[in-house]
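Report on the structure given below.
FYI, side chains are in, hydrogens and waters are out, and symmetry mates aren't considered; it's all heavy atoms of this structure.
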Amino acid sequence: MLTLRRADERGHNNFGWLDTNHSFSFGQYHDPRHMGFRALRVINEDRVVPGAGFGEHGHANMEIISYVLDGMLEHRDSLGTGSVIRPGDVQRMSAGTGIRHSEFNGSKDKPVHFLQIWLLPEKDGITPGYEQKTFGDDRNGKLRLVAARDGRDGALTIHQDTDLYAGVFKPGETVTHHFADGRYGWLQIARGGVEIDDHILQPGDGLAICDRREVTLKALSDAEVLLFDLA
């Protein structure tokens, strides 16, 4: 079964410095029908104007993944980590017993456009941690594993039984993903258009995948997607 979550159905807020869309309930947006999907709790699509950002704030017991589409995102946290996340980079921050961090647009003249993703951890109270890797062209024409519980194949290590894939496709390219028994999927379209079965998906659309052994994705234009394979 495939269930569409259209981009224009998401929660939306514009605070001037931040234009944000929420696939699931978050902050001022609350919809009991959309509280997450399996372990996937948050997908926020954020656009932050130059020089602005999220001041220092705290998190606990959450796996937080940042995925930059355009621009540069500057990160600092209470572990002493300071980094800049650019397109092709994927960052994982495990909040665990508690962590404080800030995120700012690292450019003085260009906006930053990124996805922030929260996954519920398998257990609470883990030691906070941070990891960042660059995947770049390794995502071209395929679904590249970028995060997994066992960190296999050079992926980031997350504390949840979830495999996260990222893919960048040219028009006409296709890819098939196979699901093991009892697994679920969530496909998030970051940019471009793709087709699955008879469904046409556009930027910001999400697709819940249940009771399917495989799905085949065809790019209709230059496209970038994230696919979550979930317990």
Side-chain angles (χ1 to χ4, degrees), residues 1-49 52-55 57-69 73 91-95 101 103 111-122 124 147 158-166 179 182-212 215 217 223-231:
M1 181 171 66
L2 305 178
T3 304
L4 278 168
R5 173 76 160 141
R6 290 295 188 190
D8 59 6
E9 297 171 349
R10 298 176 296 176
H12 176 252
N13 280 295
N14 191 331
F15 301 101
W17 65 274
L18 167 68
D19 191 323
T20 180
N21 290 281
H22 311 305
S23 294
F24 307 114
S25 294
F26 184 88
Q28 299 177 3
Y29 168 64
H30 179 78
D31 184 340
R33 299 169 300 170
H34 299 287
M35 297 300 296
F37 182 75
R38 314 303 294 180
L40 182 56
R41 178 61 187 84
V42 167
I43 302 179
N44 290 347
E45 182 179 4
D46 293 340
R47 291 175 171 86
V48 177
V49 302
F54 303 89
H57 58 284
H59 295 285
N61 297 317
M62 197 67 68
E63 298 290 288
I64 300 172
I65 296 171
S66 296
Y67 187 95
V68 173
L69 296 167
L73 185 66
Q91 178 213 74
R92 180 269 302 170
M93 186 177 72
S94 297
H101 78 135
E103 292 173 301
V112 60
H113 178 201
F114 67 102
L115 299 177
Q116 185 159 110
I117 297 149
W118 293 10
L119 289 158
L120 299 170
E122 288 184 308
D124 291 347
I158 53 176
H159 299 89
Q160 177 54 261
D161 184 12
T162 296
D163 291 339
L164 171 58
Y165 298 85
F179 293 96
R183 304 288 292 186
Y184 297 78
W186 181 277
L187 179 70
Q188 188 71 26
I189 310 305
R191 66 173 103 233
V194 304
E195 181 179 11
I196 294 181
D197 293 355
D198 295 326
H199 300 291
I200 306 298
L201 285 81
Q202 302 294 340
D205 288 351
L207 184 71
I209 304 164
C210 305
D211 300 320
R212 291 284 296 259
V215 292
L217 173 158
E224 187 167 355
V225 306
L226 295 178
L227 175 66
F228 299 82
D229 187 318
L230 300 143

#### Entry: Evaluation steps, side chain to side chain contact (heavy atoms under 4.5 Å, CB included), between L40 and F228
CA-CA 8 Å; L40 182 56; F228 299 82; 4.0 Å; yes

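- With 3.5 Å as the limit, one finds a donor-acceptor pair spanning the side chains of R92 and S94.
- For the residue pair G192 and P203, the shortest heavy atom distance occurs at O-CD, 3.1 Å.
- Of the N and O atoms on the side chains of H159 and E122, not one donor lies less than 3.5 Å from an acceptor on the other residue.
- Scanning all heavy atoms of the two residues, the minimum distance from Q28 to N13 falls at OE1-OD1, 3.6 Å.
- The ring of H12 has its center no closer than 6.0 angstrom to the ring center of H22.
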### Task
Kindly determine whether M93 and H59 satisfy side chain to side chain contact (heavy atoms under 4.5 Å, CB included), including the steps that lead there.
CA-CA 10 Å; M93 186 177 72; H59 295 285; 4.2 Å; yes

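- Without hydrogens or angle criteria, R191 side chain to L69 main chain gives a donor-acceptor distance under 3.5 Å.
- Residues S25 and M35 approach most closely at OG-SD, 3.3 Å, considering heavy atoms.
- Taking the side chain as every heavy atom from C-beta outward, Y165 and V225 never approach each other to under 4.5 Å.
- Side-chain contact, T20 with N44: no donor N or O sits under 3.5 Å from an acceptor N or O.
- E9 contributes atom CD, which lies 8.0 Å from atom CG of L4 (distance to the nearest 0.5 angstrom).
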### Query
Can R212 and M1 be said to form a side chain to side chain contact (heavy atoms under 4.5 Å, CB included), step by step?
CA-CA 7 Å; R212 291 284 296 259; M1 181 171 66; 6.0 Å; no

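- Side chain of D31 to backbone of R33: a donor-acceptor contact under 3.5 angstrom is found.
- For the atom pair CG (L119) and OG1 (T162), the distance works out to 5.0 Å, reported to the nearest 0.5 Å.
- Note on R10 versus D205: no salt bridge recorded, every NZ/NE/NH1/NH2 to OD/OE distance being 4.0 Å or above.
- Smallest separation of non-hydrogen atoms from F37 and C210: CZ-SG, 4.0 Å.
- Using a 4.5 Å heavy-atom threshold, the side chains of H113 and D46 count as separate.
- Note that CG of N14 is 9.5 Å distant from CG of N21, once rounded to the nearest 0.5 Å.
- A distance-only check finds no donor-acceptor pair linking the side chain of Q188 to the backbone of L226 [under 3.5 Å].
- The two atoms that bring P121 and N61 nearest to each other are CD-O, 3.3 Å, heavy atoms only.
- For the pair I117 and I64, the minimum side-chain heavy-atom distance is 4.5 Å or more.
- Taking OG of S66 as the reference point, atom CG of L115 lies at 9.5 Å (rounded to 0.5 Å).
- Aromatic rings from W118 and F24 are positioned such that their centres are separated by 6.0 Å or more.
- Distance check, rounded to the nearest 0.5 Å: CG of D229 to CG of L187 gives 12.0 Å.
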### Task
Report the C-alpha distance between R183 and D211 in whole Å, list the side-chain angles of each, state the deciding distance to 0.1 Å, and finish with yes or no for salt bridge (Lys or Arg N to Asp or Glu O under 4.0 Å).
CA-CA 8 Å; R183 304 288 292 186; D211 300 320; over 6 Å; no

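- Note: I43 CD1 to R5 CZ = 10.0 Å, rounded to the nearest 0.5 Å.
- With no hydrogens or angles considered, a side-chain donor-acceptor pair links Q116 and E103 at under 3.5 Å.
- Considering every non-hydrogen atom in both A166 and Y67, the closest pair reads CB-OH, 3.7 Å.
- In terms of modelled atom types and a separation under 3.5 Å, the side chain of H57 and the main chain of G55 share a donor-acceptor contact.
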### Task
Please report the C-alpha distance between L207 and T3 in whole Å, then the side-chain angles of each, then the deciding distance to 0.1 Å, and finally whether the side chain to side chain contact (heavy atoms under 4.5 Å, CB included) criterion is met.
CA-CA 6 Å; L207 184 71; T3 304; 5.8 Å; no

